[in-house]
2 protein chains.
Amino acid sequence: MNLRALAAELGLSQTTVSRALNGYPEVAESTRRRVEEAARRLNYRPDMRAKGLATGRTMAIGHILPVSSRHEIVNPVFADFIAGAGETYARHGYDLLLSVVRDEDEARHYRDVAAKRSVDGLIVHAPRAEDRRIALLRDTGLPFVVHGRVSDETLPYAFLDIDNRRAFERATHFLIDLGHRRIALVNGLASMDFAIRRRNGYLAALAARGLPADPALIRSDEMTESFGFATARDLLALPDPPTAFLTSSLIVAMGVRRAADAAGIAVPRDLSIVTHDDELAYLRNGSDEPIYTATRSSVREAGRRAAEMLMGMIADPGHPLPQRILEADLVLGRSTGPAPGHVLSPARSPSPAPLPP
Amino acid sequence: MNLRALAAELGLSQTTVSRALNGYPEVAESTRRRVEEAARRLNYRPDMRAKGLATGRTMAIGHILPVSSRHEIVNPVFADFIAGAGETYARHGYDLLLSVVRDEDEARHYRDVAAKRSVDGLIVHAPRAEDRRIALLRDTGLPFVVHGRVSDETLPYAFLDIDNRRAFERATHFLIDLGHRRIALVNGLASMDFAIRRRNGYLAALAARGLPADPALIRSDEMTESFGFATARDLLALPDPPTAFLTSSLIVAMGVRRAADAAGIAVPRDLSIVTHDDELAYLRNGSDEPIYTATRSSVREAGRRAAEMLMGMIADPGHPLPQRILEADLVLGRSTGPAPGHVLSPARSPSPAPLPP
DNA sequence: TGCGGGGTCCAAAGCGCTTTGATCGCGAGC
DNA sequence: GCTCGCGATCAAAGCGCTTTGGACCCCGCA
């Protein structure tokens, strides 16, 4: 059932039927009702390719899912982000075009997707501190929103990010307040922009409190459970082991906890853990009281908002590029306590202390 | 840069340029080279919409990601499956069109996607034992592959599944061999086809060994860490608690373990855990020796294969519908041991015993 | 010398839609 | 009574590609 057949069925021209269905004013209300009824009855849906060809729009948004050729890992936050964005797309009548791309042919793929005209806009995932995708996309003229930021980028671009630096700065201060002096940072891949910001927050807090940053306590890799486990196992075996871990994801934190359990180290009595929590649907940080003390920000909500930003950019290309930074909460769970042997001074509250802005 | 411009640039007709680029024989080799060189130089990519309109193919595969309106949960295996399928699509020049759909308007959406002609085929995720999507899709004539099976479906359809029943039957036998008599099953949502098959395998093994199935030990829900934790916490508090847990995912198993830790119950000394392991990239079951004894099957590999099946169906619509069942491994980890107080009889080996076929 | 037949290339139709620029009545205004 | 304006509808062009049905040239064969 296509437009021509529908028009023939109704004894109208394609023009009128098209206009009736797309809400144009120059068609009689009675005719519109007749057309709509027939379209419903005959289960007519416009062919999106033809519509796209005629309008120049595809009603589809591209997501490029980079898959590290070394690690073969897709970031688990991805599913939740997509779920959030997908809700928004559905509401606006957009489809989501997903490409899984090995990082070595990423550049080619971005150029392709623009030239093939198969999407009206793009979401850029997992930006690195220095990321040539930005320049590449800017050249294509395709609207895009970055989930995260690109520190080395000087020209403006649209993004949605959380304040990673501030979140990890607060978390570190919190641990220091509890008397911890040796705090390990189990971070994401070192090239990732978010990982750098988190590290900077951590370093800033240590510096502000006059504590040395021990490079041995800072680790970066793909955020897997195994990585958390191996790192904690190794660090806890040091002569001067950390008394607290700051991890970049709940999954890593679970690995750290497993290592602590294996070593007979009790959490939070002997070891404190603070983690970032993306609020993944299937991996909540406890159902009532949080299991882990965590910096918290819903990646699904981020997906919803990023999609909305992009829809806005497409609808109104003239506007300035939207840039948005969300604040992460710091929630108190049962994974943190005073450093072993530390007596809390009444002056320094162990509750999440507000930072100077 | 479109075909017309490219043809003009070369002083050739669109016909010839199109044929040159698509590998048709009736174009001189020297011309083909000229055309290809110019296409590369001018960064020409055919507009996929136009190509689709002309050929009737879209070069895109649809995945519909159902999101339960009650739980708001997307299945974590999804990302890995997509990553696997995406590799195959990329190799065949296909795109992946993803729709996130709340289960209440699933039916409408399946009808839509067929009528809109925006994909050449579909992958059906998370099938239920009784799933009207199958009949719906069959009516549309669109090729589709089900990841899993639909027990109540009588007519043939293409699917890729693992032998869930046999996997859980083996796992249960294995636990019984270790002397366990009270074995809890922490399963996925009761409506899911895979959950039913796993339960049937579990029940079959109990029955084969003359053990009663205690309904109190069988739980079904979304496979979250919290669910595993809450279930284990409750069951372990029973007057006659289980000595072993059989769980449907690594994440659930981690919840069970957390409950055991919290209750001071040692794994595997006081409690054994066997889980199904989808081999998710970021959540490996240990890097060398498995943490958990597990039935194991890579969902990423399943994605690759399902995609290949679908590509085959599209390329050759005449063929009979492919149906494929993969066997899951049973791997030995450090989460299982003899039931407390049980002396292993030398006759019954605790290693994964081959079942009669 | 004439003719059939590859080997190359081309003009134009068609895919299903939107949109431009008419056309056609019909009542209002002079 | 004629024109003007307007509401409702339509024919046809065009989006960028593929594909059908020639056209043209040149070579070899009778």
Side-chain angles (χ1 to χ4, degrees), chain A residues 1-36 38-39 42-60 93-95 112-120 142, chain B residues 1-36 38-39 42-60 93-95 112-120 314:
Chain A
M1 177 51 55
N2 59 20
L3 189 64
R4 176 162 50 199
L6 182 60
E9 181 83 21
L10 283 159
L12 288 169
S13 73
Q14 295 192 39
T15 310
T16 304
V17 176
S18 169
R19 291 199 154 137
L21 292 174
N22 289 313
Y24 282 74
E26 58 269 71
V27 41
E29 207 44 52
S30 60
T31 310
R32 188 191 305 284
R33 267 198 300 277
R34 252 184 76 219
V35 171
E36 279 170 346
L42 299 172
N43 195 34
Y44 169 75
R45 300 278 188 300
D47 181 319
M48 293 312 281
R49 298 169 300 196
K51 193 162 182 159
L53 240 200
T55 58
R57 307 253 306 252
T58 57
M59 301 306 283
Y94 272 80
D95 285 326
D112 272 19
V113 88
K116 289 199 308 185
R117 304 269 129 211
S118 37
V119 299
D120 294 336
L142 211 57
Chain B
M1 177 51 54
N2 58 20
L3 188 64
R4 176 162 48 199
L6 182 60
E9 181 82 21
L10 283 159
L12 288 169
S13 73
Q14 295 192 38
T15 309
T16 305
V17 176
S18 169
R19 291 199 156 138
L21 292 174
N22 289 315
Y24 282 74
E26 58 267 72
V27 42
E29 207 44 51
S30 60
T31 311
R32 190 193 304 284
R33 270 197 299 276
R34 254 185 73 219
V35 171
E36 279 170 347
L42 299 171
N43 195 34
Y44 168 76
R45 301 281 188 300
D47 181 319
M48 291 313 281
R49 296 169 302 196
K51 192 162 184 161
L53 239 201
T55 56
R57 309 251 309 250
T58 56
M59 301 307 282
Y94 273 78
D95 285 326
D112 272 18
V113 88
K116 288 198 308 184
R117 305 267 128 212
S118 33
V119 299
D120 294 335
I314 291 171

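Proteins come first, then strands; the chains are lettered A, B, ... in the order of their sequence lines, and each starts at number 1. Not measured: the values here are computed from a predicted model.
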In whole Å, I'd like the distance from the [atom1] atom of [X] to the [atom2] atom of [N].
X	N	atom1	atom2	answer
B:Arg4	D:dC17	CZ	P	9 Å
A:Glu9	C:dG16	CD	P	17 Å
B:Asn2	D:dG16	CG	P	5 Å
B:Leu6	C:dC10	CG	P	13 Å
A:Lys116	D:dC15	NZ	P	22 Å
A:Leu10	D:dC10	CG	P	10 Å
B:Leu12	C:dG7	CG	P	19 Å
B:Arg57	D:dG16	CZ	C1'	18 Å

Item to complete: For residues A:Ala114 and A:Leu142, report the shortest heavy-atom separation together with the two atoms involved.
Response: CA-CD2, 4.2 Å
Worksheet item: the helix from C:dT1-D:dA30 to C:dC30-D:dG1: angle between its terminal axes, five pairs each, to 10°?
Response: 70°
Practice prompt. Only counting residues at least two apart or in another chain, list the ones meeting side chain to side chain donor-acceptor pair (under 3.5 Å) with A:Asn2.
Written response: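 So A:Asn2 forms no side chain to side chain donor-acceptor pair (under 3.5 Å) with any residue.
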Item to complete: Please name all residues satisfying side chain to side chain donor-acceptor pair (under 3.5 Å) with A:Arg45, sequence neighbours left out, ordered by chain then number.
Response: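 Side chain to side chain donor-acceptor pair (under 3.5 Å) list for A:Arg45, sorted by chain: A:Asn43, B:Asp112.
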Item to complete: Have a look at B:Arg117 and say if it touches a base, only the backbone sugar-phosphate, or nothing, with a 4.0 Å heavy-atom cut-off.
Response: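 Nothing, no nucleic acid heavy atom in range.
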Worksheet item: From C:dC9, D:dT9, D:dC17, pick the nucleotide closest to the side chain of A:Val27?
Response: D:dT9
Worksheet entry | Which residues share a side chain to side chain contact (heavy atoms under 4.5 Å, CB included) with A:Ala8, sequence neighbours left out |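 If we apply the side chain to side chain contact (heavy atoms under 4.5 Å, CB included) test to A:Ala8, skipping adjacent residues, there are no hits.
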Worksheet entry | Min side-chain heavy-atom separation A:Arg4-A:Gln14 under 4.5 Å | yes
Discussion item. Taking the nucleotide of DNA chain C with the nearest heavy atom to each, does B:Val17 or A:Leu53 sit closer to the 5' end?
Written reply: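 Looking at DNA chain C, the more 5' nearest nucleotide goes with B:Val17.
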Worksheet item: Quick one: does B:Arg34's side chain have a donor or acceptor within less than 3.5 Å of a partner on B:Leu10's backbone?
Response: yes
Practice prompt. Report yes if a side-chain nitrogen or oxygen of A:Arg49 is closer than 4.0 Å to either non-bridging phosphate oxygen (OP1 or OP2) of D:dG16; otherwise report no.
Written response: no
Heteroatom pairs (N/O) under 3.5 angstrom, protein to nucleotides 18-20 of chain D:
from   : atom 1 : to      : atom 2 : distance (Å)
D:dT18 : OP1    : B:Asn22 : ND2    : 2.9
D:dT18 : OP2    : B:Ser18 : OG     : 2.5
D:dT19 : OP2    : B:Tyr24 : OH     : 2.7
D:dT19 : O4     : B:Thr15 : OG1    : 3.1

Worksheet item: Can you tell me how far CG of B:Asp47 sits from CZ of A:Arg49, rounded to the nearest 0.5 angstrom?
Response: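 The CZ atom of A:Arg49 sits 12.0 Å away from the CG atom of B:Asp47.
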Under 3.5 Å, which donor-acceptor pairs do the side chains of residues 15-30 of chain A form with other protein atoms, sequence neighbours left out?
from    : atom 1 : to      : atom 2 : distance (Å)
A:Thr16 : OG1    : A:Ser13 : OG     : 3.2
A:Asn22 : ND2    : A:Ser18 : O      : 3.1

Taking distance alone, no hydrogens or angles, what donor-acceptor pairs closer than 3.5 Å link side-chain atoms of residues 52-60 of chain A to residues at least two apart or in another chain?
from    : atom 1 : to       : atom 2 : distance (Å)
A:Thr55 : OG1    : A:Lys51  : O      : 2.7
A:Thr55 : OG1    : A:Arg57  : N      : 3.1
A:Thr55 : OG1    : A:Arg57  : O      : 3.4
A:Arg57 : NH2    : A:Tyr94  : OH     : 2.9
A:Thr58 : OG1    : A:Ala60  : N      : 3.4
A:Thr58 : OG1    : A:Asp120 : N      : 3.3
A:Thr58 : OG1    : A:Asp120 : OD1    : 2.9

